[in-house]
> 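Sharing a structure here in structure tokens format.
Predicted model, so just to flag it, every value in this text is computed and none were measured. When a ligand or atom number is given, it counts from 1 through the structure's own listing order.
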Amino acid sequence: MQRLKNYIDGELIEPTNKKYLDLYNPSNGQIYALVPDSDANDVEKAYQAAQNAFGGWASTSITERSLILSRIADLIEVSLDRLGKAESIDNGKPLTLAKSVDIPRSASNFRFFAQAITQFSSEAHEMTDAINYTLRQPLGVVGTISPWNLPLYLFTWKIAPALAAGNTVVAKPSEVTPMTAYLLSSICIEAGLPKGVLNIIHGDGLKVGAEITKHPNIKAISFTGSTRVGKEIAKVAAPMFKKISLEMGGKNPNLIFADCNYDKMLDTTVRSSFSNQGQICLCGSRIYVEASIYDKFKRDFVEKVKALKVGPPDKTDTNIGAIVSKPHYEKVLSYIKLAKEEGGTILSGGEAIYPKGHEEGWYISPTIIGGLSSDCRTNQEEIFGPVVTIMPFDTEEEALVMANGTDYGLSCTLWTENISRANRLAKSIHSGIVWINTWMLRDLRTPFGGVKNSGVGREGGFEALRFFTETKNICIQY
Ligand code: NAD
């Protein structure tokens with residue numbers, strides 16, 4: 001069976017303790033590879049390598065750094081088939097999605113920050129007899145910790161700006177989906193990334209993630225994952241005065257008004273509900289619909305969702321693949337049970353599916369639930385699966401109160417052709433991102449992140465480069 005390796009100081013090596021965790025293929029529930037069960041010793045080795053590499057990398061010219069990151073982007077693009085297949089097997093997502101979104105976006109992350117760093121600048125503040133200028137210097141060795149839902153996409157979203165800004169990195173991918181990060185190690189070697197600049201340590205969150213977080217000399221932690229783990233990281237990192245960026249859970253509302261472009265709204269709402277089996281932090285899971293079109297929407301939405309094909313991720317006609325892991329599959333099913341106990345009506349789906357030849361895999365039909373109140377647990381807690389609720393509203397004010405009525409605040413989607421209402425609501429919604437008449441339309445220059453329990457700090461564009469640098473003011477009197 002294939003054994004993945006850590007990437008430390010430019011080499012692929014076994015974990016010091018020689019221990020491994022099982023890696024599952026969600027499409028059939030089988031173990032198909034082994035991933036290092038690394039511990040503090042490996043994190044320390046990675047830190048030492050990153051620390052030794054820091055001086056050299058930080059003083060590399062921006063042109064040189066940009067060139068190496070662009071080469072990594074090129075090699076990811078060339079490896080589209082191999083990486084796409086690996087991502088789909090590891091995560092359970094449809095191969096078509098991995099090849100059209102995850103892998104191209106991972107290449108774009110490197111290409112974008114390879115270019116962004118060439119445009120990054122800082123300010124000068126002039127006084128009558130002096131001038132101040134601001135330096136933005138790399139932090140040193142930084143830690144990145146990422147989740148399983150968009151494995152390579154979110155892994156590279158952190159690494160690319162950290163490296164572009166001149167830091168060296170100790171990176172931890174999710175132990176549930178480590179394969180593409182492992183394959184990226186070889187790509188970095190081939191691209192000529194100097195040894196020690198990026199180190200990838202595989203393993204359990206409590207061992208590797210927690211060790212990176214509490215390491216006294218790792219200067220910043222950029223984390224994407226659950227709110228529960230984000231809290232743990234903040235608890236450890238805050239008293240150490242580390243810089244932290246936390247991208248966490250969501251319970252995003254969609255507000256659909258009767259005056260929307262109905263057909264566009266309907267197609268997009270199917271995508272925003274069930275893409276990647278609903279396992280995208282930006283998926284809209286609470287759908288509020290103006291009462292006058294509620295029945296029509298319910299009928300049309302249910303019809304479209306029932307037509308989605310649940311099946312093995314490698315089949316080209318599969319719309320909904322497998323859920324990433326058995327524990328997560330059980331969690332999602334438990335929320336469907338809870339929704340019924342809370343008085344919800346299952347309008348579509350609501351059950352496990354056993355595709356022929358893949359009976360041991362973890363499949364759940366796309367599920368729509370009606371008849372729930374806004375404040376029940378199903379509508380308050382993050383499910384992070386192919387489950388959405390639909391609820392009617394009468395007025396804009398009522399819709400706003402319900403949309404803002406959770407502890408989360410990552411994104412929101414508004415559907416209306418009334419420009420005044422759209423802007424009025426966009427200003428009042430408690431979230432870091434608002435889409436009007438679209439969903440998941442991303443410009444990598446824009447700030448990305450959440451408010452309330454969804455996040456602290458912003459990623460994307462110069463926000464990410466600012467996070468991964470320390471500012472210093474220098475004042476010169478004439
Ligand atoms: P998770 O929090 O369980 O794990 C995320 C990462 O943290 C993994 O690499 C894990 O090994 C590591 N980890 C676990 N315990 C740790 C600890 N004590 N210290 C340090 N690291 C630790 O999240 P997940 O289940 O992998 O991902 C799903 C979650 O991610 C959902 O809540 C989803 O909303 C969120 N998410 C958020 C965004 C965003 O941009 N806001 C994007 C994608 C996913």
Side-chain angles (χ1 to χ4, degrees), residues 21 23 35-40 43 90-91 93 102 105 109 143-158 170-178 181 200-215 218 221-237 242 244-252 275-285 323-332 335 381-385 406-411 431-433 440 442 446-460 463-464:
L21 303 166
L23 187 57
V35 58
D37 183 11
S38 313
D39 59 27
V43 172
D90 215 22
N91 174 278
K93 66 179 68 210
D102 291 73
R105 199 17 227 283
N109 287 343
T144 69
I145 302 174
S146 49
W148 49 254
N149 65 321
L150 303 165
L152 192 63
Y153 175 150
L154 293 177
F155 188 68
T156 53
W157 181 234
K158 298 179 178 304
V170 177
K172 184 212 169 305
S174 169
E175 66 278 24
V176 183
T177 54
I200 302 175
I201 308 297
H202 296 280
D204 187 65
L206 280 174
K207 292 187 195 161
V208 179
E211 287 299 329
I212 293 174
T213 307
K214 71 178 191 217
H215 194 289
I218 293 184
I221 303 293
S222 175
F223 168 80
T224 299
S226 63
T227 300
R228 180 187 63 79
V229 172
K231 268 186 198 161
E232 287 304 311
I233 289 175
K235 220 187 286 175
V236 175
K242 293 191 184 203
I244 48 174
S245 163
L246 305 173
E247 300 294 339
M248 303 182 285
K251 191 75 184 172
N252 310 314
S275 290
N276 204 38
Q277 296 69 250
Q279 301 166 147
I280 301 180
C281 53
L282 304 166
C283 278
S285 54
I323 301 294
V324 72
S325 68
K326 187 144 192 243
H328 193 57
Y329 165 81
E330 284 166 354
K331 176 187 156 184
V332 174
Y335 269 101
E381 297 174 15
E382 185 184 42
I383 301 174
F384 212 54
T406 73
D407 291 335
Y408 294 104
L410 186 55
S411 71
S431 70
I433 299 156
M440 267 291 259
R442 293 277 296 118
T446 60
F448 180 93
V451 300
K452 301 198 283 189
N453 288 4
S454 290
V456 174
R458 291 292 178 270
E459 299 187 304
E463 297 279 349

> Backbone N or O of G409 within a donor-acceptor pair of the S454 side chain at under 3.5 Å?
yes
> Between the protein and ligand 1, which nitrogen or oxygen pairs come in under 3.5 Å, and how far apart is each?
{"from": "ligand 1", "atom 1": "2 (O)", "to": "S226", "atom 2": "N", "distance (Å)": "2.8"}
{"from": "ligand 1", "atom 1": "2 (O)", "to": "S226", "atom 2": "OG", "distance (Å)": "2.6"}
{"from": "ligand 1", "atom 1": "9 (O)", "to": "S146", "atom 2": "O", "distance (Å)": "2.8"}
{"from": "ligand 1", "atom 1": "9 (O)", "to": "K172", "atom 2": "NZ", "distance (Å)": "3.1"}
{"from": "ligand 1", "atom 1": "11 (O)", "to": "K172", "atom 2": "NZ", "distance (Å)": "2.9"}
{"from": "ligand 1", "atom 1": "11 (O)", "to": "E175", "atom 2": "OE1", "distance (Å)": "2.7"}
{"from": "ligand 1", "atom 1": "11 (O)", "to": "G205", "atom 2": "N", "distance (Å)": "3.4"}
{"from": "ligand 1", "atom 1": "23 (O)", "to": "S226", "atom 2": "N", "distance (Å)": "3.4"}
{"from": "ligand 1", "atom 1": "25 (O)", "to": "W148", "atom 2": "NE1", "distance (Å)": "2.8"}
{"from": "ligand 1", "atom 1": "26 (O)", "to": "W148", "atom 2": "NE1", "distance (Å)": "3.3"}
{"from": "ligand 1", "atom 1": "30 (O)", "to": "G225", "atom 2": "O", "distance (Å)": "3.4"}
{"from": "ligand 1", "atom 1": "32 (O)", "to": "E382", "atom 2": "OE1", "distance (Å)": "2.6"}
{"from": "ligand 1", "atom 1": "34 (O)", "to": "E382", "atom 2": "OE2", "distance (Å)": "2.5"}
{"from": "ligand 1", "atom 1": "41 (N)", "to": "M248", "atom 2": "N", "distance (Å)": "3.3"}
{"from": "ligand 1", "atom 1": "41 (N)", "to": "M248", "atom 2": "O", "distance (Å)": "2.7"}

> What residues form a salt bridge (Lys or Arg N to Asp or Glu O under 4.0 Å) with K326, not counting sequence neighbours?
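With sequence neighbours excluded, K326 shows a salt bridge (Lys or Arg N to Asp or Glu O under 4.0 Å) to E330, given in chain and number order.
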> Please determine, by modelled atom types, if K158 and S222 share a side-chain donor-acceptor pair under 3.5 angstrom.
yes
> Checking side-chain polar atoms at under 3.5 Å, does Y408 have a donor or acceptor matched by the opposite partner on E382?
no
> Which residues pass the salt bridge (Lys or Arg N to Asp or Glu O under 4.0 Å) test with D37, not counting sequence neighbours?
K207
> Mind checking salt bridge (Lys or Arg N to Asp or Glu O under 4.0 Å) for E247 and listing every partner two or more places apart, or none if nothing turns up?
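E247: no salt bridge (Lys or Arg N to Asp or Glu O under 4.0 Å) contacts found.
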